[in-house]
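One-based numbering along the sequence shown.
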Amino acid sequence: MRAVVVHAAGDVRVDERPDPRPGPGEVLLAMEWGGVCGSDISYFRHGATGTAVLRHPLVLGHEVAGRVAAVGPGVDGIAEGDAATVHPATTVGDARLPDRLAGRTNLHPCVRYFGSAAFDPHTDGGFSEYRVVRADQVRSLPDGVSTEHGALAEPLGVALHAVHRAGDVRGKTVLVNGAGPIGSLVVAAAKHRGAAAVVASDVAAPALAVAAAIGADTTVDLTTSALPDDVEVVIEASGAAAAIGPVLRATARGGTLVQVGNLPGSAVPAVLGDLVTREITWVGSYRFVDEIDDALRAMRDGLDVSPVITHRFPLSRAAEALGVAADRTTGSSKVLLDLRTSTPAP
């Protein structure tokens, strides 16, 4: 089979890998679509993401969907031909979370994730024609949800988790700063969860157009306008350190600020006085627990993720796809890879 493999910074290849076979309790998926994420881009550009450093070739991709090609012994309730996506996380070890973190498996001290170099050996992702996964990682797609949209269940789960961290948003105004793929999906998630109005802000007009198409009631171009004042719920999705001060200033007194955009791992200057004087609740949001299931239900019930999909590339042009996703001047939001074996290379 063919797989998208990063060998080093700037070195992504479509390699031949052995065809996998499912063992007991496992399922073989024939992959159809994969979404390019910021971590895929980081491995491609820098050979690392955060503290995870590439030591060996790694198959990229954790936003994937396809169809069941075979099931291993002992697997029930999953049949060949079923359309499915994958929960990409696996907790490692038998460490018990403290009671205050009960159920929050995303905060387990050791988690293997598809397409990650955090462990050695690395955990290959799903940008390949086939992938074997544990049966408990399989999430069947509801009727009416295509595998193309199913590949966005993972990032939509991230967005829904961020909205969940904000508390009950029903009837409230929500400001989403940063209208990249995650920010735009946060817009959709907030509307789905009952927000009365959602404002999206960014420095890029194409990103704001995507946010408007997916449900933002108002957009703010930060190259010409400032953030609004006194917003009860603010979700920061840009990950730009320079945004910290302005989004704190935009948050209403006693309001909530959720940080879902990944901030730098090094020291950065930031104006934090408003955190104290406004008594702002500032919380982090990391990946998701089981909100991938909520994402599938939301899509089943009509949440349309198609506005964030701006580009599609065949597997053979994976390096080009990563380059387009990394370059905001291309107007890209979510870039998809067509992983189907029956799709001929151009």
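Looking only at distances, no side-chain donor or acceptor of T251 sits under 3.5 Å from a matching main-chain atom of T256. Judged by distance alone, with hydrogens and angles left aside, the side-chain atoms of D301 form no donor-acceptor pair with the main-chain N or O of A298 at under 3.5 Å. A donor-acceptor pair is defined here as one N or O able to donate and one able to accept, closer than 3.5 Å; no such pair exists between the side chain of S42 and the backbone of G38. Proximity of a side-chain donor or acceptor of D327 to a complementary backbone N or O of V324 within less than 3.5 Å is not detected. Looking only at distances, a side-chain donor or acceptor of T224 sits under 3.5 Å from a matching main-chain atom of D221. E154 places no side-chain N or O within donor-acceptor distance of the main-chain N or O of L152, the cut-off being under 3.5 Å. Between the side chain of R328 and the backbone N or O of A325, no donor-acceptor pair lies under 3.5 Å. Judged purely by atom type and a 3.5 angstrom limit, E26 has no side-chain atom pairing as donor or acceptor with the backbone of L28. A distance-only check finds no donor-acceptor pair linking the side chain of N106 to the backbone of R287 [under 3.5 Å].
V163 has its side chain within reach of V186: a pair of non-hydrogen atoms, C-beta onward, lies under 4.5 Å apart. Side-chain contact between I244 and L263 is present, with heavy atoms from C-beta onward closer than 4.5 Å. You'll find the side chain of V132 stays beyond 4.5 Å of the side chain of V27, heavy atoms only. Side-chain contact between L175 and E232 is absent, with no heavy-atom pair separated by less than 4.5 Å. Between S306 and H149 there is a side-chain heavy-atom pair separated by less than 4.5 Å.
A cation-pi geometry, defined here as NZ or CZ lying under 6.0 Å from the six-membered ring centre and within 45° of its normal, holds between R131 and F114.
Summarising the local packing, NE2 of H164 is surrounded by 12 or fewer heavy atoms from other residues, nucleotides or ligands at distances under 6.0 Å. More than 12 heavy atoms of other residues, nucleotides or ligands shown are found within 6.0 angstrom of OH on Y113. Residue-environment remark: CZ (R45) stays at or below the threshold of 12 foreign heavy atoms within 6.0 Å. Around CG of D120, the count of heavy atoms belonging to other residues, nucleotides or ligands within 6.0 Å exceeds 12.
In this structure, I214 is not a member of the same hydrophobic cluster as L208, with clusters built from ILVMFWY side-chain heavy atoms closer than 4.5 Å. Follow the hydrophobic side-chain contacts under 4.5 Å out from V247 and you never reach V198; the two are in separate clusters. Residues V68 and I292 do not share a hydrophobic cluster, defined by chaining ILVMFWY side chains whose heavy atoms lie under 4.5 Å apart. In this structure, V138 is a member of the same hydrophobic cluster as V75, with clusters built from ILVMFWY side-chain heavy atoms closer than 4.5 Å.
Nearest heavy atoms, V308 versus S333: O-CB, 3.2 Å.
In this structure, OG in S285 is found 9.5 Å from CD in Q259, a value given to the nearest 0.5 Å. Atom-to-atom distance recorded for Q137:CD and T85:OG1 is 10.5 Å, nearest 0.5 angstrom. With values rounded to the nearest 0.5 angstrom, L296 atom CG is found 8.5 Å from L156 atom CG. Here the CG-CZ distance, from D124 to R112, works out to 10.0 Å after rounding to the nearest 0.5 Å. Interatomic distance, CG of L60 versus OH of Y43, reported as 8.5 Å (0.5 Å rounding). Taken from CG in L315 to CE in M1, the straight-line distance is 10.0 Å, to the nearest 0.5 Å.
Salt bridge R13/D15: absent, no basic N to carboxylate O contact under 4.0 Å. Ion pair D293/R139 flagged as a salt bridge, since at least one NZ, NE, NH1 or NH2 atom sits closer than 4.0 Å to an Asp/Glu carboxylate oxygen. A salt bridge links D230 and R278; the closest N-O separation between the charged side-chain nitrogens and carboxylate oxygens is under 4.0 Å. For the pair K334 and E63, the salt-bridge criterion is met [side-chain N within less than 4.0 Å of a carboxylate O]. A salt bridge is absent between E32 and R340; no separation between the charged side-chain nitrogens and carboxylate oxygens falls under 4.0 Å. Salt bridge status for D217 with K191: present, with a side-chain N to carboxylate O gap under 4.0 Å.
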For this session: Report the C-alpha separation of N177 and S201 in whole Å, then their side-chain angles, then the decisive distance to 0.1 Å, and conclude whether the side chain to side chain donor-acceptor pair (under 3.5 Å) test is met.
Result: CA-CA 5 Å; N177 185 63; S201 57; 2.7 Å; yes

Exercise. F288 and H87: ring-ring contact (aromatic ring centres under 6.0 Å, His included), yes or no, with the steps?
Worked result: CA-CA 10 Å; F288 55 87; H87 193 309; 5.0 Å; yes

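Here the options are I309, L337, L339, L336, the test is side-chain contact (heavy atoms from CB on, under 4.5 Å), and the partner is W33; only L336 passes.
Considering only residues two or more places apart in sequence or on other chains, H122 meets the ring-ring contact (aromatic ring centres under 6.0 Å, His included) condition with H56.
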